[in-house]
Amino acid sequence: MDLAITPLTGGFGARVEADLARTAGPAATRTLTDLLHRHRVLVFPGQHLNHADLLAAAALFGDVDTATDRRYTVPGFPGLTVVANIHDQDGQPIGIYDGDDEEEWHADSSFKPQLTAATLLYSVITPDEGGETRFADATRAYADLPADLRARVDGLSAVHSAQHLGAQQADATGGRSSTQAGTLALLPEVIHPLAPVHPVTGIRTLLLGSMVIPRVEGLPDEEGQALLDDLMARTTGPDYLYTHRWRQEDLVVWDNLAVLHTASPCDSSRHQRLLVRAGVRQATRRPDPSDGGIPTESPATAPIDH
């Protein structure tokens, strides 16, 4: 599979020239998933995808997750979710929307026992201003931690809570929260390592969330929050960021087990924003050096020199 690949600014991510509507087969799946695990964020510009095409593109990266919020699922296409700041005639959002000023660093579905493995976003209506998606390289941020801090977080876990997320969103937006209003609010709390090992690459990353984590297991609240704030500040610092300025028909795919992301503010009274999202369930295949699927960074079990 011949692809034109250009690295993105920020030290991670790549722009890939390919027509995903005409891409299929095991070889394409292997190539694209290996690219994703190597670069963590892939940008496919100029795609012309209908809903069926988008589902097929998602399936190239794994099994499409159909357990989505039914309020915003594209009719007839389980697994596709609308993300939009557009409202209907009754003033209700037509897609997932948590206010014009939404900024929430997170990994998708961290409030579930199993995180989304990869997320795809396809731009249908692109704002002239605002509404960018920002990505933080949590994998490289972990590797760059001081050795003593890295050793500390390796032994810690954090609670991830949909209820906490909904309350934090509502506080930040004057009562608006797509999480709090839906069935996600019924999910029980879950516990994840602060520095989980990627199931495919074997590389550690930082699993953080600016609104979803109420506490770190085994630490007093104040100490736990101070640690989370420090890790978040490091991970979202300028050395680890890529900001994607959307163009119509861009498709962006990211390794949700390796990076964090957030939307940027967008004035819905002046600029409409509509994307369609698909998520892929957690992959289990580890790369085999004999077939070219080789991690580009040290696995968690190997010593790291910094």
Side-chain angles (χ1 to χ4, degrees), residues 8-10 13 15 20 41-51 53-55 57-58 68-75 77 79-109 116 118-136 165-166 168-170 172-182 184 209-212 236 241-254 256 259-279:
L8 300 175
T9 59
R15 177 186 173 103
L20 292 185
V41 176
L42 301 179
V43 176
F44 296 88
Q47 301 299 303
H48 306 288
L49 306 177
N50 58 32
H51 294 321
D53 293 333
L54 182 54
L55 279 178
T68 57
D69 190 333
R70 293 183 180 179
R71 294 174 301 162
Y72 305 126
T73 298
V74 177
F77 293 91
L80 296 186
T81 304
V82 176
V83 178
N85 67 357
I86 302 168
H87 295 72
D88 62 21
Q89 292 182 344
D90 297 324
Q92 297 301 311
I94 66 170
I96 297 173
Y97 171 67
D98 291 306
D100 285 2
D101 298 320
E102 179 187 7
E103 286 187 290
E104 180 222 334
W105 286 105
H106 65 287
D108 287 337
S109 300
T116 300
T119 301
L120 297 86
L121 269 185
Y122 181 60
S123 183
V124 179
I125 298 176
T126 306
D128 294 329
E129 182 179 319
E132 300 88 356
T133 300
R134 290 184 286 157
F135 297 93
L165 172 60
Q168 292 290 306
Q169 287 176 333
T173 61
R176 183 188 303 279
S177 168
S178 60
T179 302
Q180 196 174 56
L184 296 178
S210 56
M211 292 186 178
V212 74
T236 59
L241 292 188
Y242 166 68
T243 298
H244 186 70
R245 174 72 183 137
W246 290 96
R247 295 186 177 183
Q248 191 170 7
E249 297 186 327
D250 278 354
L251 175 70
V252 177
V253 186
W254 65 91
N256 189 59
V259 301
L260 304 177
H261 67 283
T262 182
S264 299
C266 183
D267 184 350
S268 61
S269 68
R270 300 172 55 226
H271 304 288
Q272 291 188 332
R273 180 178 190 262
L274 190 152
L275 306 103
V276 182
R277 175 191 181 276

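When a residue number appears, it is its place in the shown sequence, counting from 1.
Inter-residue side-chain proximity for T133 and V252 is flagged as unmet; no heavy-atom pair is nearer than 4.5 Å. In this structure, the side chains of H261 and N256 come closer than 4.5 Å at one or more pairs of heavy atoms. Side-chain contact between H244 and V41 is absent, with no heavy-atom pair separated by less than 4.5 Å.
Remark: T73 pairs with T68 by the side-chain contact (heavy atoms from CB on, under 4.5 Å) rule, at least two apart or across chains. Looking at residues two or more places apart in sequence or on another chain, you find no side-chain hydrogen bond (donor to acceptor under 3.5 Å, both in side chains) involving T243. For Q272, the side-chain contact (heavy atoms from CB on, under 4.5 Å) partners are N85, I86, I125, not counting sequence neighbours.
Atom CG of residue L241 and atom OG1 of residue T9 lie 10.0 Å apart, to the nearest 0.5 angstrom. Here the CH2 atom belonging to W105 is positioned 6.0 Å from the OG1 atom belonging to T262, to the nearest 0.5 angstrom. In this structure, CG on D101 lies 11.0 Å from OG on S264, to the nearest 0.5 angstrom. A distance of 9.0 Å separates CD of E102 from CD1 of I96, quoted to the nearest 0.5 Å. With rounding to the nearest 0.5 Å, the separation of CZ in R70 from OG1 in T81 is 12.0 Å. L251 CG to L275 CG: the interatomic distance, rounded to the nearest 0.5 Å, is 10.5 Å.
Under the 3.5 Å distance criterion, the side-chain polar atoms of R245 are matched with a main-chain donor or acceptor of G130. Although no hydrogens or angles enter the test, the distance criterion places no donor-acceptor pair under 3.5 Å between the side chain of S268 and the main chain of D100. Put simply, the side chain of D90 never gets that close to the backbone of Q92: no donor and acceptor are under 3.5 Å apart. Q47 contributes a side-chain N or O that, together with a main-chain N or O of L20, makes up a donor-acceptor pair within less than 3.5 Å. H87 contributes no side-chain N or O that, together with a main-chain N or O of I94, makes up a donor-acceptor pair within less than 3.5 Å.
Using modelled atom types, one finds a donor on one side chain and an acceptor on the other under 3.5 Å when comparing D108 with H106.
Nearest heavy-atom pair across S123 and W246 is CB-CE3, 3.6 Å. When all heavy atoms are compared, the tightest approach of V276 to V124 is CG2-CG2, 4.0 Å. Closest non-hydrogen pair, C266 versus G131, comes out as CB-N, 3.6 Å. Looking at every heavy atom in both residues, L80 comes nearest to A278 through CD2-CB, 3.8 Å. When all heavy atoms are compared, the tightest approach of A136 to T236 is CB-CG2, 4.2 Å. The shortest heavy-atom contact between Y122 and H48 is OH-CA, 3.8 Å.
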Assess whether side chain to side chain contact (heavy atoms under 4.5 Å, CB included) is satisfied between L49 and F44, documenting all intermediate values. CA-CA 11 Å; L49 306 177; F44 296 88; over 6 Å; no
Between R270 and D128, does a side chain to side chain contact (heavy atoms under 4.5 Å, CB included) hold up when you go through it step by step? CA-CA 9 Å; R270 300 172 55 226; D128 294 329; over 6 Å; no
L54 vs F77, side chain to side chain contact (heavy atoms under 4.5 Å, CB included): CA-CA, chis, key distance, verdict: CA-CA 10 Å; L54 182 54; F77 293 91; over 6 Å; no
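Tested against R277, the residues L120, V82, L121, V74 include a single side-chain contact (heavy atoms from CB on, under 4.5 Å) partner, L121.
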